[in-house]
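The sequence lines fix the lettering, A, B, ..., with proteins before strands; numbering per chain opens at 1. Note that the structure is predicted; figures quoted are calculated from it, not measured.
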Amino acid sequence: MSSEELSKSYEPTEVEARWSKKWLDDGLFRADPHSKKPPFSIVLPPPNVTGSLHLGHALTATIQDILTRWKRMSGFNVLWLPGTDHAGIATQMVVERELMKTEKKSRHDLGREEFLKRVWAWKQQYGERIGQQHRLLGASLDWSRERFTMDAGVSEAVKEVFIRLHKEGLIYRANRLINWDPVLRTALSDLEVDNEETNGSLWSIAYPVEGSTEKLVVATTRPETMLGDTAVAVHPDDERYKHLIGKNVVLPLVNRKIPIIADKELVDPKFGTGVVKVTPAHDHNDYATGIRHDLPMINIFTETAFVNENGGPYQGLERFAARKKVLEDLTALELLVEEKPHKLPLAKSQRSGVPVEPRLSRQWYVKVKPLAERALKAVADGRTKFVPDQWTATFNRWLENITDWCVSRQLWWGHQIPAWFPVGADSTVDFENSTPFVGREPPAEGQWVQDPDVLDTWFSSALWPFSTLGWPDASSPDLKTWYPNSVMETGHDIIFFWVARMMMMGLHFMDDVPFRTVYLHAMVRDEKGEKMSKTKGNVIDPLDIIQGAPPERLPASIKNKYPKGLEPMGADALRFTLAALTQQGRDIKLSIDRIGGYKAFCNKLWNATRFGMMNLGDFQDDGRVFIKERALSLSDRWILSRLDRAVRETGDALERYAFSDATSTLYQFIWGEFCDWYIELSKGALYGDDDAAKTSTRATFVFCLDRVLRLLHPFAPFITEEIWQKLPMARTVNSIAIAEFPKPDDRLRDEVAEATMAPVITAIEGIRTVRGESNLSPALRIEALVQSDESMVRETLETYRRYVLPLAGLSKLTVERLGTKPPQAAAEIRHQMEIYVPLAGLVDLAEERERLKKEIGKSEAESAQIQKKFENPNYATRAPPDVVEKDKARLAELASRVGKLNDNLKRIAPVEVRVAPPASGPVNLVEELKAELSEMTVPAGEPDQQVREALDKLREGTKEGLSSQDHRDLGVAYMNMGLVDDAVREFNAAKEEDEPAKKKAPAAPKKTAPKKAAPKKTAPKKAVAKKPAPKKKPAPKKPAAAKKKPVAKKPTAKKKR
RNA sequence: GGGCGGAUAGCUCAGCGGUAGAGCGUCGCCCUUACACGGCGAGGGUCGCAGGUUCGAAACCUGCUCCGCCUACCA
């Protein structure tokens, strides 16, 4: 790691290309079914073979790759199996559209065989793209096992399943009302229909009652379907129409007699006119009614939704044209009573977007009830778990109300149904009424043709967890090793389409659940929260983010924000972002800026490595000496201990599928602790000439970086591999991808080191705060004084001044007991220490006063808040003692803090000072200060009466009897005369006078909350008096123990992103 | 209509009974020899509204208001 030069910033593109190729060449991700390791398997949800990956796929790949790499590194025999889906309707549509565009031909012009050739060619051409995208994302898939849903093996599984289900009576053929897409000319399952609220109309049409002048007025949203009406229904209890039940109406326009029936399920007497026209062949409700009442069913549309021969004079009209004509004709007959606006749910085909036309048709169905029951039970028994578990309820509800699954599609691209129809004597085939034979091959006797229909794409997808592993060959080693899959990870949008169906098929054919855990992720949306879709133009190709893209390649919305295009972000940054945005049950809003932030994080890591390369010299870790056996410095011990926490937290987070917790732990550790603190602290040793210290620091650096890279590897595989390969250390494997995932190691934990570092960090931060607040240039070396009555703090700061000096930018550090304060110094009161930075000549003291006042205000506010709790007598008695203790301690700390801040404020009071009036009680410094500010007119150099008297006393040698107030007054006087040292001495003396009093009854609470009623103050006062006692001393670890704040009180947890 | 999720700092979100947090953005000082894709510091919130439970509620309960998503046969 010494000689090589690293580029100044991380350039992902070249690195990623190199490693994705290398991993592939080395076959690192090839799974071995005969391995002795415990198995772990995931099958990739197969994307549409002719599509290209979008960010949703990138999220899928990222999460699965994180799990996969983590498990692989943790000693599992991992299989992550890739594949693609033939995506029947979608693919067929794309190819048809292309055919029409380039050759002006329909698929019918080509014929089935030729058309399918074209689809396969298309698949060959575009199928590669998805593989390529996955490789560039870093997905550690076993490409040797890649499957396609129309591969021979998978097709064999599909046939087997169909035939067996048929034999078991779970697949049957029936003539029912189905959802028909008149553009694609195929049946659809319920799930492939989207209900969309639409603004339509509700028309009222008068139907004349036969043999009467009465008319029944029906309400409808689809008047054209009246051509197929076979009844009119009223509610049996509706007094308005009771007398008409059993009579007929004459259907206008077609003059067909149809009965008036009573049906309480269909009819809600309160809606519309309370009369419903019944069109069983074109409406799902009417269909059910038709069955109940044994009504005739008249189909009035062709496959393409044009009126057929049953529509009389309307034959040949498209359905919406027919509606218009029907309405016109009704108007002419004066039978159209009313048209009013009406919102209705319109069922549209998910694929073509066209309103679905319910159509009577003979189709194949799967009887799912029995299958669903097993799936429900498996989940109830905990054999499969949902993460997040809120999906369990969704899953259950759907399966509990499931209806039979229409699996036949009138398409060409897909698994042709293994059913055969006899060819009649006249060479025709009666697909409607003849009985098909189900089997791989037709019977030897007679002439048969195969059912032209294909199966729903999801039918083959449902078998994916086992069809990809060699089923139906039960002896397949892959199947034995990796079924059930460990995890199914996919988007929650296909829980019904896919997850539920895999559960049913897996249980039925493998007699075990297909996967133990289902992790469902959210949908990826754009930064405004809108769904990414081609029509909205906000779809981003993951590769454009990874490799960068010129503006013209970007969708308009992105181009607007990034007119210069996108810089290459790298796959690692994209992956880390996606993982960080993962949160349970919520959509993911992806922002490019956020990715940029994680790109910066990669760059940070890169540069930390660069720093190492420049400073590790010829160090080489041969791995023979355990790190803790070296002579480690405090910072070494500290970072190792922090590292162990990060290891623990990352592992825990992964166990819980809490990917975002893992990313924030890693981010925080790498940037906030390793880079911001450890590297800075290590510079002393690395730049110095103590060879032993140098070596231990180098060893620690390499040790930490190695662990942290391995921890990070599942999230950011490329940069971690690149860097890991450069570390000067012995390796047992040649890729980080198969190195061991770090495990917690108690030997690294060092509570003493963390506790010792705490005051060092506190001091550095305190001094930095003063610098920052005072706008001191970072280049300026300043002096600082730290006072503490804790000997441990003093000793630590003395011992580790070599840490404090450079990190706080000091030229001099003085450490002492609480005592004399420097004049004109900024003060910062921190836990167990007071920090003073003389500012004379450096900065305007007025600003420092403002700052102190603000600090005081804050502390007082917090103090008041806590005191309020004590005002409630129940608080002390009923709240847990530890909570009360904590509040008391905090109150004491605040009180002392306020006192100290006030002291300092006083000390750097303006030269033109108004001396406090004589006061019998405790001094209210805040009030006093306010007064000072408003009366800044007292001329300098002329101490008032009080001071003069005090000075007189002094001159008379009666100093002995001076009160603390006297000392203060004297101090002010000396200040006014420019005798700083004398002033300080007096202030100090004032303080000492105060001390004994404080120990009995602290003055601080009185100062901070003088308005409080006396009785209420008693409780906290006692507490305060007790608290600063020795008891607290051995607890400098408090800051380190705070879980979220790893370093100290307010450590480095302010990192970017 | 039913179900689920959400409403916390300008933005995106953690927190889910005991001192309001992070990242981004903002402001200030800095090109300090790993990193300006950087360093250091700071400001910023009556936790959607109204009740209730509790010593104590952003968190638990009830109701309401918005915003998403799923699901459903009001013609």
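Whole-Å rounding puts the A/R768 CZ to B/C29 P distance at 19 Å. When the P atom of B/G2 is taken as reference, atom CD of A/E197 falls 15 Å away, rounded to whole Å. Rounded to whole angstrom, the span from the CG atom of A/N607 across to the C1' atom of B/A34 amounts to 5 Å. In this structure, A/Q390 atom CD and B/G68 atom C1' are separated by 14 Å, rounded to whole Å. Between A/W671 atom CH2 and B/C35 atom C1' there is a gap of 9 Å when expressed in whole angstrom units. The distance between atom CD of A/E196 and atom C1' of B/A72, rounded to the nearest whole Å, is 16 Å. Look at NE2 on A/H282: it is 16 Å from C1' on B/A75, rounded to the nearest Å. Taking atom CZ on A/R397 and atom C1' on B/G5, their separation rounds to 12 Å, with Å as the unit.
Residue contacts for A/K683: at a heavy-atom cut-off of 4.0 Å it reaches a base atom on one of the strands shown. Backbone-only contact: A/K589 has heavy atoms under 4.0 Å from sugar-phosphate atoms and none from a base. Within 4.0 Å of A/I495, counting heavy atoms only, lies no atom of the nucleic acid at all. In this structure, A/C675 reaches the bases: a heavy-atom distance under 4.0 Å links it to at least one base atom across the strands shown. In this structure, A/P806 reaches neither bases nor backbone, as no heavy-atom distance under 4.0 Å exists between it and the strands shown. A/Y687 comes within 4.0 angstrom of sugar-phosphate atoms only, judged by non-hydrogen atoms across all strands, and of no base.
Proximity note for A/S9 (side chain, C-beta onward) versus B/G39, B/U71, B/C37: the nearest is B/C37.
Distance noted for atom C1' between B/A7 and B/A50: 16 Å (whole Å). B/G25 and B/C16: their P atoms are spaced 27 Å apart (whole Å). Taking the C1' atom of each, B/U46 and B/C69 are spaced 31 Å apart, rounded to whole Å. Spacing of C1' atoms, B/U53 relative to B/U8, comes out at 22 Å, to the nearest Å. A distance of about 32 Å separates the C1' atoms of B/G56 and B/C11, rounded to the whole Å. Remark: the separation of the P atoms in B/A58 and B/A20 is 9 Å, to the nearest Å. Taking atom C1' on both B/A36 and B/C29, the two are 14 Å apart, rounded to the nearest angstrom. Nucleotides B/C61 and B/C66 have their P atoms positioned 22 Å apart, rounded to a whole Å.
The side chain of A/T769 contributes an N or O atom lying less than 4.0 Å from OP1 or OP2 of B/A42.
For an aromatic pair to be called close, the ring centres must be under 6.0 Å apart, and A/F701 with A/F674 satisfies this.
Looking only at atom types and distance, the side chain of A/T769 has no donor-acceptor partner in the side chain of A/E828 under 3.5 Å away. A donor and an acceptor atom, one from each side chain of A/N607 and A/Y10, are nowhere located under 3.5 Å apart. Side chain to side chain, A/S189 and A/E192 meet the donor-acceptor criterion of an N or O pair below 3.5 Å.
Remark: B/G38 base-pairs with B/C30; criterion is Watson-Crick or G-U wobble with both hydrogen-bond distances under 3.5 Å. B/G43: no Watson-Crick or G-U partner with both key distances under 3.5 Å is found in any strand. Under the Watson-Crick or G-U wobble criterion, with both distances below 3.5 Å, B/U54 has no partner in any strand shown. Figure legend. B/A22 is base-paired to B/U12; pairs are counted as Watson-Crick or G-U wobble with both atom distances under 3.5 Å.
The environment of CD in A/Q350 is crowded: more than 12 heavy-atom neighbours from other residues, nucleotides or ligands sit within 6.0 Å.
Checking A/E773 against A/F611, the closest nucleotide of RNA chain B that is more toward the 5' end is the one next to A/F611.
Looking only at side-chain heavy atoms (C-beta outward), A/R292 and A/L266 come within less than 4.5 Å of each other.
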